[in-house]
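Scroll down for the structure; my scribbles are underneath it.
Only this structure's heavy atoms are used, side chains among them; waters, hydrogens and symmetry mates stay out.
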Amino acid sequence: MRRLLPYPMMTATLLGVWLLLNESVAPGTIILGGVLSLATAATLGVLDLPGGRFRRPQAALSLLGVVLVDILRSNWAVAKIILRPGGGGRVSGFLRIPLDLRAPYGLATLACIVTATPGTVWVAYDRRRNTILLHILDLVDEQEWIDTIKGRYETRLMELFE
C-alpha cells in the first residue's frame, strides 16, 4: 500500500485544497484533483526526500506565536520606515549569521520565517561554514540580529527538528 500511495495525508490534503480552490465537488473536478494529487505524491516518492521527525507540538505552537508577533512587529517597523523616508539614519545591509542548526527541514523552516518577516530576506546558505547570509532593511545592531535569529528561532527549531 505504501508503494502505491507513499504520502496518503498529503494526497488527501492536496485533493481537499484542489476542491476548495475550484469551489466544486463535481465528479470531473474530483477525478482531475485525484489524479493530480496522486501524481504529486508519486513524484515526491521518487525524489527520495531526507527523513525527518516532527517533535513537540507544544514547542511548534510556541514558535508559531513568536513568529506571528515578530511578523506583526516587523510590519509596523517597515511601515514606519517607508512612510517616513529619510528619518532616523536607517542603514540596510547584509549580515552573515553562524548556525548550529543542521536539520534540512529546520533550515527550510528558518528560511520561511526569515523571508516571511518584512524587512529581512534569506540570501544564501553556506553549507561548509553552516552560515546564512541575510539582507536586513534596518541593520542598526548586528549582534541584536544574531541574538534574535539564534535565540528566538534557531533554538526552537533545533528543539523541533534535531
Checklist outcome for this item: Heavy atoms of Ala59 and Glu159 approach each other most closely as CB-OE2, 3.5 Å

Item to check | Heavy-atom side-chain proximity of Leu32 to Asn22 below 4.5 angstrom | outcome: no

Next on the checklist: Rounded to the nearest 0.5 Å, what separates atom CD in Glu144 from atom CG in Leu139?
Outcome noted: 10.0 Å

Checklist entry - At their closest point, which heavy atom of Ser24 faces which heavy atom of Ala26, and how far apart are they? => result OG-N, 3.1 Å

Next on the checklist: Please determine whether side chain to side chain contact (heavy atoms under 4.5 Å, CB included) holds for the pair Tyr153 and Val66, giving the CA-CA distance in whole Å, both sets of side-chain angles, and the decisive distance to 0.1 Å.
Outcome noted: CA-CA 8 Å; Tyr153 306 133; Val66 167; 4.1 Å; yes

Next on the checklist: Show the nearest heavy-atom pair for residues Ala41 and Tyr7, with the distance to one decimal.
Outcome noted: O-CD1, 3.8 Å

Next on the checklist: Using 0.5 Å steps for rounding, measure from the CG atom of Asp141 to the CG atom of Leu95.
Outcome noted: 10.0 Å

Checklist entry - Do Glu154 side-chain atoms and Asp100 backbone N/O form a donor-acceptor pair below 3.5 Å? => result yes

Next on the checklist: Can you confirm whether Pro98 sits close enough to Asn130 that some side-chain heavy atom of one is under 4.5 Å from a side-chain heavy atom of the other?
Outcome noted: no

Item to check | Reported CD-to-NZ distance for the pair Gln143 and Lys150, which is rounded to 0.5 angstrom | outcome: 10.5 Å

Item to check | Cluster overlap Ile113 with Leu68, hydrophobic side-chain contacts below 4.5 Å | outcome: no

Item to check | Reported CZ-to-CD distance for the pair Arg96 and Glu142, which is rounded to 0.5 angstrom | outcome: 12.0 Å

Checklist entry - Would a hydrophobic clustering, with Ile, Leu, Val, Met, Phe, Trp and Tyr connected at side-chain separations under 4.5 Å, put Val17 with Leu44? => result no

Checklist entry - So His135 and Phe94, would you call those rings parallel, tilted or perpendicular, with 30° and 60° as cut-offs? => result perpendicular

Item to check | For Arg152, all residues meeting side-chain hydrogen bond (donor to acceptor under 3.5 Å, both in side chains), sequence neighbours excluded | outcome: Asp70

Checklist entry - Does Tyr125 share a hydrophobic cluster with Ile146, counting links as ILVMFWY side-chain heavy atoms below 4.5 Å and allowing steps through other members? => result yes

Checklist entry - Can you tell me if CD on Gln58 sees more than 12 non-hydrogen neighbours from other groups inside 6.0 Å? => result no

Item to check | Pair Thr109-Leu160, side chain to side chain contact (heavy atoms under 4.5 Å, CB included): steps then yes or no | outcome: CA-CA 11 Å; Thr109 305; Leu160 287 172; over 6 Å; no

Item to check | Single-linkage hydrophobic cluster, 4.5 Å side-chain cutoff, Val121 and Leu110 together | outcome: no

Checklist entry - Do the side chains of Trp18 and Met10 join up, straight or via other hydrophobic residues, at under 4.5 Å, putting them in one cluster? => result no

Item to check | Closest non-hydrogen atom pair, Ser74 against Gly119 | outcome: OG-N, 4.4 Å

Checklist entry - How long is the span from the CD1 atom in Ile149 to the CD1 atom in Ile136, to the nearest 0.5 Å? => result 7.0 Å

Next on the checklist: Can a donor-acceptor pair be found, under 3.5 Å and without considering hydrogens, that links the side chain of Ser37 to the backbone of Leu15?
Outcome noted: yes

Checklist entry - Short question: side chain of Thr120, backbone of Val114 - any donor-acceptor pair under 3.5 Å? => result yes

Item to check | Test side chain to side chain contact (heavy atoms under 4.5 Å, CB included) applied to Leu5 and Leu38, step by step | outcome: CA-CA 7 Å; Leu5 194 59; Leu38 289 170; 3.4 Å; yes

Next on the checklist: Given 3.5 Å as the limit, does a donor-acceptor pair link the side chain of Thr29 with the main chain of Val25, or not?
Outcome noted: no

Checklist entry - Between atom CG of Leu133 and atom CD1 of Ile97, what is the distance when rounded to the nearest 0.5 Å? => result 9.0 Å

